[in-house]
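So you know, we letter chains A, B, ... as the sequences are listed, proteins then strands, and number each from 1.
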There are 2 protein chains.
Amino acid sequence: MSRSNPRVLNTLERAGGFASAQEVYHLMQRAGESIGLTTVYRSLQSLADDKIVDVLRRDDGESIYRLCGDAHHHHLVCKGCGDAIEIPGGAIEKWARTMAEEHGFRDVGHSAEIYGLCQKC
Amino acid sequence: MSRSNPRVLNTLERAGGFASAQEVYHLMQRAGESIGLTTVYRSLQSLADDKIVDVLRRDDGESIYRLCGDAHHHHLVCKGCGDAIEIPGGAIEKWARTMAEEHGFRDVGHSAEIYGLCQKC
DNA sequence: TATGGAAATGAAAATCATTTTCATTTCTGC
DNA sequence: GCAGAAATGAAAATGATTTTCATTTCCATA
């Protein structure tokens, strides 16, 4: 009994990586698709219930969604100009798994970000 | 220039573990202390800026605060109950430094968090 | 093909933590 | 004592999310 609108999932795919409900909504609007914000919220929630997407919280409290199992990467963000470079997770992946295991955590994901000043700034 | 009301820190200590701004506020009310919600928010924010307390997000989006040990650490957060365990950074520290160096970034910091379901959930 | 109920939809209102505004009070140094 | 700075808090604003509810779309079956 999927209550999820397929176009929402589609948009999330197109977005690549994380997107908030509001972002998905605006993406769809810009793409000329007619949909209500309520439906976007309901669909994302349903996708999360079905374990099709991961839910996280951004620092500002907004919920962000991502397709599960997506190859993920991390970001190197410049505090000056805001530029973000995608970088591989490397050692983090193992660290996360080890730490989680050590404390008996299941169904584990992680987020990591490096910030600093880039060469130009 | 501390903008933090000492009674707020005091209450957070008494609370033990995590407490949200609203919870701290109600605790103080119940204790007969006169304080405004605004001041509670400002004080907790200031304590967080000064790295005296840790800030996390509960699943419902509410921010929760806890006195933190001085060592640099990361968090293992349960998606179910919101419990957070402090864990050492380990490999991450080096990873962050390496990645930053590789791209010529200076003045580098990082954030990382692992989330999953704890044994109880 | 009609029909009746279930599910989906979305606009608008409600909720709720947090932030902002701004007038007032409390501190400080002189 | 006094001026200016900092702290305070009530009330309004903000913004994401949820709820309400009337309407529309589906779909199985008569």
Side-chain angles (χ1 to χ4, degrees), chain A residues 1-12 15 17-66 111, chain B residues 1-12 15 17-67 75 77-84 111 113 115:
Chain A
M1 196 181 298
S2 165
R3 317 196 158 283
S4 135
N5 183 315
R7 287 178 300 146
V8 169
L9 180 53
N10 222 300
T11 304
L12 196 56
F18 283 110
S20 70
Q22 307 274 346
E23 280 159 6
V24 168
Y25 175 65
H26 287 125
L27 276 173
M28 296 182 77
Q29 296 253 301
R30 254 176 269 141
E33 300 191 58
S34 163
I35 196 164
L37 185 53
T38 314
T39 302
V40 172
Y41 272 105
R42 267 194 291 241
S43 293
L44 287 173
Q45 213 156 41
S46 160
L47 288 170
D49 286 348
D50 296 348
K51 303 275 171 66
I52 295 170
V53 304
D54 256 346
V55 192
L56 274 184
R57 290 262 175 190
R58 267 207 309 241
D59 259 10
D60 65 358
E62 211 170 335
S63 290
I64 49 179
Y65 305 82
R66 175 180 69 175
S111 67
Chain B
M1 197 180 296
S2 165
R3 315 196 160 284
S4 137
N5 183 316
R7 287 177 301 147
V8 169
L9 179 53
N10 222 299
T11 304
L12 196 58
F18 282 111
S20 71
Q22 307 273 347
E23 281 159 6
V24 167
Y25 174 65
H26 290 311
L27 276 175
M28 296 181 77
Q29 298 252 300
R30 256 175 268 143
E33 299 191 59
S34 163
I35 196 165
L37 186 54
T38 313
T39 302
V40 172
Y41 273 105
R42 268 194 291 241
S43 293
L44 287 173
Q45 215 157 40
S46 159
L47 288 170
D49 287 348
D50 296 349
K51 304 275 170 65
I52 293 169
V53 304
D54 260 344
V55 191
L56 276 181
R57 290 262 175 190
R58 268 206 310 240
D59 255 12
D60 65 357
E62 212 171 335
S63 291
I64 48 181
Y65 305 82
R66 173 177 70 173
L67 285 173
H75 286 115
V77 186
C78 177
K79 287 190 281 193
C81 58
D83 234 29
S111 69
E113 204 172 88
Y115 47 87

Distance check, rounded to the nearest 0.5 Å: [X] atom [atom1] versus [Y] atom [atom2]?
X      : Y      : atom1 : atom2 : answer
M28(A) : R7(A)  : CE    : CZ    : 4.5 Å
D54(B) : S63(B) : CG    : OG    : 12.0 Å
H26(B) : S20(B) : NE2   : OG    : 8.0 Å

Can you tell me which residue among N5(B), L67(B), L9(B) is in a side chain to side chain contact (heavy atoms under 4.5 Å, CB included) with L47(B)? L9(B)
Rounded to whole angstroms, how far apart are [atom1] on [X] and [atom2] on [N]?
X      : N       : atom1 : atom2 : result
D49(B) : dT19(C) : CG    : P     : 11 Å
I64(B) : dC16(C) : CD1   : P     : 19 Å
D60(A) : dT19(C) : CG    : C1'   : 13 Å
R7(B)  : dT26(C) : CZ    : C1'   : 13 Å
N5(B)  : dT25(C) : CG    : P     : 19 Å
L37(B) : dA12(D) : CG    : C1'   : 14 Å
E23(B) : dC16(C) : CD    : C1'   : 14 Å

Side-chain N or O of [X] versus OP1/OP2 of [N]: is the shortest distance under 4.0 Å?
X      : N       : value
Q45(B) : dT19(C) : yes
Y41(B) : dT19(C) : no
S63(A) : dA16(D) : no

L12(B) versus Y65(B): any side-chain heavy-atom pair under 4.5 Å?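 Yes, their side chains come closer than 4.5 Å.
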Do I35(B) and V8(B) have side-chain heavy atoms sitting under 4.5 Å apart? yes
A21(B) versus L44(B), closest heavy-atom pair with distance: CA-CD1, 3.6 Å
With no hydrogens and no angle check, is any side-chain donor or acceptor of S46(B) less than 3.5 Å from a backbone partner on R42(B)? no
N/O to N/O distances under 3.5 Å, protein versus nucleotides 19-25 of chain D:
none

With a non-hydrogen cut-off below 4.0 angstrom, is Q22(B) in contact with a base, only sugar-phosphate, or nothing? base
Any luck finding a side-chain donor-acceptor pair between Y41(A) and Q22(A) under 3.5 Å?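 Distance-only check passes for Y41(A) and Q22(A).
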Interface residues of residues 25-35 of chain A with DNA chain C (non-hydrogen, below 4.0 angstrom):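 Only S34(A), I35(A) qualify.
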